[in-house]
Amino acid sequence: QVQLVESGGGLVQPGGSLRLSCAASESILSINAMGWYRQAQGKQREWVAVIIRGGSTNYADSVKGRFTISRDNAKDTVYLQMNSLKVEDTAVYYCNAAYWLRAIHYVDWGQGTQVTVSS
């Protein structure tokens with residue numbers, strides 16, 4: 001199991017910025033992909049961004065151009081830099097790690113961190 005701990009959430013005004021962190025208990029170089037998801041109250045969890053083992057990234061259309069996923073391999077940490085925040089970005093943000101053991105796919109999740117965008 002990979003333990004994941006998110007941090008950096010909080011209250012921010014529309015148009016503001018916030019950086020979320022996800023610290024992993026294992027080297028992120030051994031994890032095939034790490035991603036960020038979010039779940040707004042009353043809505044389904046949605047995918048936000050992913051960074052693949054080799055470093056490539058992908059984003060949901062709703063955040064493209066505003067959010068950036070990155071990693072610090074030395075700190076075993078993945079970040080989500082969120083700029084130009086909108087009210088609709090309000091959600092609990094979760095990071096996850098996807099990996100394989102004995103050809104079986106696993107996905108571990110953090111506890112989440114609340115992001116509230118409000119004036």
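Note that these values count all heavy atoms, side chains included, but never hydrogens, waters or copies made by symmetry.
- More than 12 heavy-atom neighbours from other residues, nucleotides or ligands sit within 6.0 angstrom of CD on Glu88.
- At distances below 3.5 Å, not a single donor-acceptor pair connects side-chain atoms of Thr90 with backbone N or O atoms of Thr116.
- Thr113 is listed as a side-chain neighbour of Leu20, based on a closest heavy-atom distance under 4.5 Å.
- Without hydrogens or angle criteria, Trp100 side chain to Arg102 main chain gives no donor-acceptor distance under 3.5 Å.
- A search for side chain to side chain donor-acceptor pair (under 3.5 Å) contacts involving Gln111 returns nothing, not counting sequence neighbours.
- For the pair Ile31 and Ala98, the tightest heavy-atom approach, listed with the atom from each and the gap, is CG2-O, 3.3 Å.
- In this structure, the side chains of Trp47 and Asn58 come closer than 4.5 Å at one or more pairs of heavy atoms.
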Would you check, one step at a time, whether the test side-chain contact (heavy atoms from CB on, under 4.5 Å) holds for Val78 with Ile69? CA-CA 7 Å; Val78 172; Ile69 187 170; 3.8 Å; yes

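- Remark: the Ser17 side chain and the Asn83 side chain contain an N/O donor-acceptor pair separated by less than 3.5 Å.
- Looking at Ile51 and Trp36, their side chains never come closer than 4.5 Å, going by heavy atoms from C-beta outward.
- Side-chain contact check for Asp89 versus Arg38: some heavy-atom pair is nearer than 4.5 Å.
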Decide yes or no on side-chain contact (heavy atoms from CB on, under 4.5 Å) for Leu85 and Leu18, but give the supporting numbers first. CA-CA 8 Å; Leu85 282 162; Leu18 208 59; 4.0 Å; yes

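- Listed by chain and residue number, nothing satisfies the side chain to side chain donor-acceptor pair (under 3.5 Å) test with Lys43 (two or more places apart in sequence, or in another chain).
- Figure legend: Arg45 and Trp109 shown as a cation-pi pair, the cationic atom lying under 6.0 angstrom from the six-membered ring centre and within 45 degrees of its axis.
- The salt bridge (Lys or Arg N to Asp or Glu O under 4.0 Å) contacts involving residues 75-87 comprise nothing, where partners must be two or more places apart or lie in separate chains.
- In this structure, Val107 is not a member of the same hydrophobic cluster as Ile104, with clusters built from ILVMFWY side-chain heavy atoms closer than 4.5 Å.
- Residues Val117 and Tyr37 fall into different hydrophobic clusters, defined by Ile, Leu, Val, Met, Phe, Trp and Tyr side chains chained together at heavy-atom separations under 4.5 Å.
- When side chains are defined from C-beta on, Leu11 counts as touching Ser118, because their heavy atoms get closer than 4.5 Å.
- Residues Ser30 and Arg53 approach most closely at CA-NH2, 3.7 Å, considering heavy atoms.
- The salt bridge (Lys or Arg N to Asp or Glu O under 4.0 Å) pairs that include a residue from residues 6-34 number zero, where partners must be two or more places apart or lie in different chains.
- A pairwise comparison of heavy atoms in Ala33 and Val50 identifies CB-CG2, 4.0 Å as the closest pair.
- Hydrophobic clustering of Ile, Leu, Val, Met, Phe, Trp and Tyr side chains at less than 4.5 Å, counting indirect connections, keeps Tyr99 apart from Ile52.
- Hydrophobic clustering, with ILVMFWY side chains joined whenever heavy atoms are under 4.5 angstrom apart, keeps Val2 apart from Val5.
- Side-chain contact check for Thr68 versus Leu80: every heavy-atom pair is 4.5 Å or farther apart.
- The shortest heavy-atom contact between Ser21 and Thr77 is CB-CG2, 4.1 Å.
- Residue pairs meeting the ring-ring contact (aromatic ring centres under 6.0 Å, His included) criterion with at least one partner in residues 52-95, sequence neighbours excluded, are absent.
- Taking the side chain to side chain donor-acceptor pair (under 3.5 Å) definition, one finds that Asn96 meets it with nothing, sequence neighbours left out.
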